[in-house]
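Below is one structure; the comments refer to it alone.
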Protein chains: 2
Amino acid sequence: MNNESRKNLGVILKQQRLRMPLTLRELTNLSTVSSSHLGRIERGERFPSASILRKIAKPLGFEEGELFTLAGYLSAQPPGMAESSPVYSSRQLEPYVARVLAEEPVEVQRAVLGLLSILKSIAGNIAKGKSQ
Amino acid sequence: MNNESRKNLGVILKQQRLRMPLTLRELTNLSTVSSSHLGRIERGERFPSASILRKIAKPLGFEEGELFTLAGYLSAQPPGMAESSPVYSSRQLEPYVARVLAEEPVEVQRAVLGLLSILKSIAGNIAKGKSQ
DNA sequence: AGTATAATTTGCCATTTGGCAAATGTCAAG
DNA sequence: CTTGACATTTGCCAAATGGCAAATTATACT
């Protein structure tokens, strides 16, 4: 991350903070990011990590993705069509399965994948005679 | 970033890499991220920064934003126009989950639902103190 | 002016990231 | 079993992040 882009982002963040308007300390309270760090970010001495960006996005009135793009973490987003269907591969997910899973919280959806991979690995071991 | 979510992301990344399939070194060539680092990320010893995530997203077949969401850097993405897809009911099926499951034969997809309902019933009993 | 009070900056340091090179693990061919 | 060609993991270290506390600067009020 070069020095110029640090400064650029810093300037943007500072302008936005002043527009609210907020002091560094107030922004600290809203974001749980230390004011010393915020100050350094604003004058380009530090570059905010993703988690810091996430914490300050809303208090400054940014969309998360917007800030990530400004920081160069995300490539410029084609607005609107954000998540254009990511080709559901060659095979198909059965609509019924999709519908039922969609009712579950995302953690559960992911946990299901975990289960599946565990089962596959066990099955693989059995097949190789290694037993469990 | 707690230890569990590190591991979770690692497992997801590894699964996806093997699905391509790619070796760590090959992924290194596609992403310019050292294989030692990639390895540590996969087994949860390191947590990838935003710039690393960005570098590995496409080679692994992820949308950038998708990976950022999985890593917890971005909150779950507003469905945008994907809402027009009637299949995914009120809640959303996470694209990554959909894609992985879509790779499985339909029987497996359905079996996953079976597993899920069994686990839910067990969990319910535990909650009610009936023990397992 | 002088002084209290709030805001910002600086010094310092623990922690984390990520790369390089060496060590270790894996596996097929001889 | 041994060798060679891979892949993965480990040891080590430089660079960066981010927090706390102290120092400095700005602002307001007598």
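Throughout, a chain's letter reflects where its sequence line sits, starting with A, and its residues are numbered from 1.
Using bins of under 30°, 30° to 60° and over 60° for the plane-to-plane angle, the ring pair B/F68/A/Y73 lands in the tilted bin.
For residues 14-37 of chain A, the set of pairs meeting the salt bridge (charged side-chain N to carboxylate O under 4.0 Å, His left out) definition, not counting sequence neighbours, comprises A/R17-A/E42.
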Exercise. Heavy atoms under 4.0 Å is the rule here; annotate nucleotides 19-29 of chain C 5' to 3' with B where the base is hit, S where only the sugar-phosphate is, and - elsewhere.
Key: BBB--------
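Of all nucleotides listed (D/dG18, D/dA7, D/dT9), D/dT9 comes nearest to the side chain of B/R43.
Taking atom CG of residue B/L27 and atom P of nucleotide C/dG18, one finds them 14 Å apart after rounding to whole Å. Counting to the nearest Å, the C1' atom of D/dA5 and the CD atom of B/E26 are 14 Å from each other. A/I41 places its CD1 atom 12 Å from the C1' atom of D/dG19, with the value rounded to the nearest Å. Rounded to whole angstrom, the span from the CG atom of A/L24 across to the C1' atom of D/dT27 amounts to 16 Å. Note: CD (B/E42) to P (D/dA7) measures 14 Å, nearest angstrom. Between the P atom of D/dT17 and the CZ atom of B/F47 lies a distance of 17 Å, rounded to the nearest Å. Distance CG (A/L53) to C1' (D/dG18): 13 Å, rounded to an integer number of Å. Rounding to whole angstrom units, CG of residue A/L9 and P of D/dT17 are separated by 12 Å.
Remark: B/R17 is not in phosphate contact with D/dA7, judged by side-chain N or O atoms under 4.0 Å from OP1 or OP2.
A donor-acceptor distance shorter than 3.5 angstrom exists from the side chain of A/T28 to the backbone of A/S35, with no hydrogens or angles considered. Although no hydrogens or angles enter the test, the distance criterion places no donor-acceptor pair under 3.5 Å between the side chain of A/R46 and the main chain of A/G39. Counting only distance, with no hydrogens or angles, the side chain of A/E64 and the backbone of B/S75 share a donor-acceptor pair below 3.5 Å.
By the side chain to side chain donor-acceptor pair (under 3.5 Å) test, A/Q16 pairs with no residue at all, sequence neighbours left out.
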